[in-house]
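In what follows, every chain begins at residue 1, and chains take the letters A, B, ... in the order their sequences are listed. Excluded from the calculations below are hydrogen atoms, water molecules and symmetry mates; all remaining heavy atoms, backbone and side chain alike, are included.
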There are 2 protein chains.
Amino acid sequence: MNKPRKTVKIKDIAIELGVSNSLVSKVISGNLGTTKVRPDLQEKILKRAKELDFRPNPLSSALKRGRFGAIGLIVHPIGVPGSELFNKLLIGMSKSLNQHGLRLWLQFYEDSKQFMEFCNQEIYRSVDGLIVAGSAQSETRSLIENLHKEGLPVITSFHHDPASGIANIVYNAYLQGKLATAHLIEKGCKRPAFFCIRRDDDLRQQGYLDAMKEANLPVDPSLLLEGMGSGIDYRFLAGRTVITKALDNGLQFDGIVAQSDQQAIGAINVLRERNISVPNQVRVIGTDDSPTCTASTIQLSSVTAELQEVGGRLVNSLVQYIDGKKPESQLITPTVIERESSR
Amino acid sequence: MNKPRKTVKIKDIAIELGVSNSLVSKVISGNLGTTKVRPDLQEKILKRAKELDFRPNPLSSALKRGRFGAIGLIVHPIGVPGSELFNKLLIGMSKSLNQHGLRLWLQFYEDSKQFMEFCNQEIYRSVDGLIVAGSAQSETRSLIENLHKEGLPVITSFHHDPASGIANIVYNAYLQGKLATAHLIEKGCKRPAFFCIRRDDDLRQQGYLDAMKEANLPVDPSLLLEGMGSGIDYRFLAGRTVITKALDNGLQFDGIVAQSDQQAIGAINVLRERNISVPNQVRVIGTDDSPTCTASTIQLSSVTAELQEVGGRLVNSLVQYIDGKKPESQLITPTVIERESSR
DNA sequence: CTGAAAGCGCTTACAG
DNA sequence: CTGAAAGCGCTTACAG
């Protein structure tokens, strides 16, 4: 066993100055209540506390107040590897947490089993609120709803099927698709292709379709490129495969809206190998504005995911929630970052 | 204010079963001490606790025991953006933390000012130990040493100038350089070039030099490629710039050891544009084994940084430290991952 | 074999 | 204007 670090306590100061614990506590916390301290005494206490570098033991305060001073973050692995989406989320949260003097308890989960373990650990009894981010599986969703019903303030960051009655804060994936497509159209594209993922409620695809409609451009179904294996694949090779197939099929297109930056780079590589000029013949835009965009021969345009902003708002809303103000769901608007590939 | 969630307490169980708080506490925690409970009573208590899904309030236990049940992680942003090094570190830590039932308090710092703020917040008084990772600036180093002297268990993960008297756990950068170089030599390279960074104590460069020596290969100083702007630059463009210059200077080389995967990919792109075949004419190996390696037309060989392993060991050592066992510094051995670019 | 009691360090309603 | 006292929920040395 380690000897406990010795720290200054309220009692130490009280004894030294010949006043009561109560008074020291009140003066230092600033919660005077009905108490009216003599100004000189107050000053003396504050001065001594500062000299001794006193800090209340957060455990004791929390125990007394019934607060923990900490929030939990449970994340399903998010973003393409290399996208830095998760890092951005954390940084955004971290800043906001510091402002509120809160601490973060972090937990990863890879599947609903792990999530259940979390719920069965005491961890969630050690936080004032919870943020759950990543993709929601139906089992985890009901677990979250249970925690919420038990009175734990919970906020999620899900794109699909958010838990019912729980505020959900995410970037606007629909607008990502729409803005990216509108950007290419604005640059002169008439037949931008779109990299589909295999799910029927793909928000970005909706955005693509609406952008086309608003520009009065017909949507040739063959512009909706599929074939990225079974399931969702945001990686490099998916971009290669899909665009290779499209070219081999003789598809005519003058733009590509990709659902990740890696897909976009994969596609660009194929185009270059076949001497198709980017951006002159085909303009390309990715998604996420990840480091990949500038880590390539041709600088890739992209639409942001604003994860840092999302992180900050998640924390702020949760803090308000803990203080009793029921939060609203929010959709954060992405931005198009124009670079060489769509100029 | 939020109504506090109501939870089951020891007292509730005690009253219900007509026994004392003490007994319930002892039975549940398993710390019987001199106490010898009647087996049937013990069973009754455990059964009821389980039914009620009782979990001790960690705050109270911690307060009583003088432990916090949490450790702090302060990180300087690490790794090239997109390298996922930080994520790997976190995942490694997270797993180990869960095993020990510990929680993580996360804090980023970008400069020593922020680090000082951290030290001035009460946060470090709410953890049983601290892990500091990233690059050490001299000011932060002395702050860390101070925390350590005050009795806070601290472990660092620094590559250069670790704080004195504090255990330091990192991957072996020297071996990264050496193993990567040896790999290329084994594949037949006689004149592998090395991407230098501008610091006189570059461990990877030492590794490169030693690998060459052990293979009895002469080191032509012009193989040590500099010119990546002022300071360290691990990014894509640095690789392009350096290798372009080398080729323009007519340098003869048959391999490249890069200090990041992005640098390597940048270099490969230049080589391909000039119709120099990778790996036939030039074998290339990167560093970090980041997602970039497989997100490229040619799959990039790389040498790992083992951050997940580092993360796990940091936590394990810190836990031991908290329990009174002074930890040792450790160097984690990296592994070469062979892919297309050096085959 | 079991429980009463003190205590971890703070906070706050209440009494003086 | 200030302090004694109770209490947050648990733990443990000690008494019975």
Has the side chain of Ser29(A) got a donor or acceptor atom that lies under 3.5 Å from a matching backbone atom of Ser25(A)? yes

With a strict under 4.0 Å distance from non-hydrogen atoms of chain A, what nucleotide opens and what nucleotide closes the contacted stretch of DNA chain D, reading 5' to 3'? dC1(D) to dG9(D)

Going by atom types only, do Asn172(A) and Thr333(A) share a side-chain donor-acceptor pair under 3.5 Å? no

At their closest point, which heavy atom of Ala167(A) faces which heavy atom of Ser329(A), and how far apart are they? CA-OG, 3.6 Å

For Lys9(B), report the nucleic acid contact type (base, sugar-phosphate, nothing); a contact means any heavy atom under 4.0 Å. sugar-phosphate

Measuring from Leu314(A):CG to Leu130(A):CG, what's the distance to the nearest 0.5 Å? 11.0 Å

Let's test your reading of the pairing rules: Watson-Crick or G-U wobble, both distances under 3.5 Å, then write DNA chain D as a dot-bracket string with ( ), [ ], | and dots. |||.||||||||.|||

Sequence neighbours left out, what pairs pass salt bridge (Lys or Arg N to Asp or Glu O under 4.0 Å) with at least one residue falling in residues 312-321 of chain A? Glu309(A)-Arg313(A)

Lys11(B) vs Arg38(A), nearer the 5' end of DNA chain D by closest nucleotide: Arg38(A)

Salt bridge (Lys or Arg N to Asp or Glu O under 4.0 Å) contacts in which one or both residues fall within residues 9-28 of chain A, not counting sequence neighbours: Glu16(A)-Arg48(A)

Strand contacts (DNA chain D) in residues 19-28 of chain B, 4.0 angstrom heavy-atom criterion: Ser22(B), Ser25(B), Lys26(B)

Has Glu145(B) got a side-chain atom pairing as donor or acceptor with Ser164(B)'s backbone, closer than 3.5 angstrom? yes

Check whether Ser61(B) reaches the backbone of Asn57(B) with its side chain - one donor and one acceptor, N or O, closer than 3.5 Å. yes

For Leu41(A), report the nucleic acid contact type (base, sugar-phosphate, nothing); a contact means any heavy atom under 4.0 Å. sugar-phosphate

What residues form a side chain to side chain donor-acceptor pair (under 3.5 Å) with Ser157(A), not counting sequence neighbours? none

Side-chain (Asn168(A)) to main-chain (Pro162(A)) donor-acceptor, under 3.5 angstrom: no

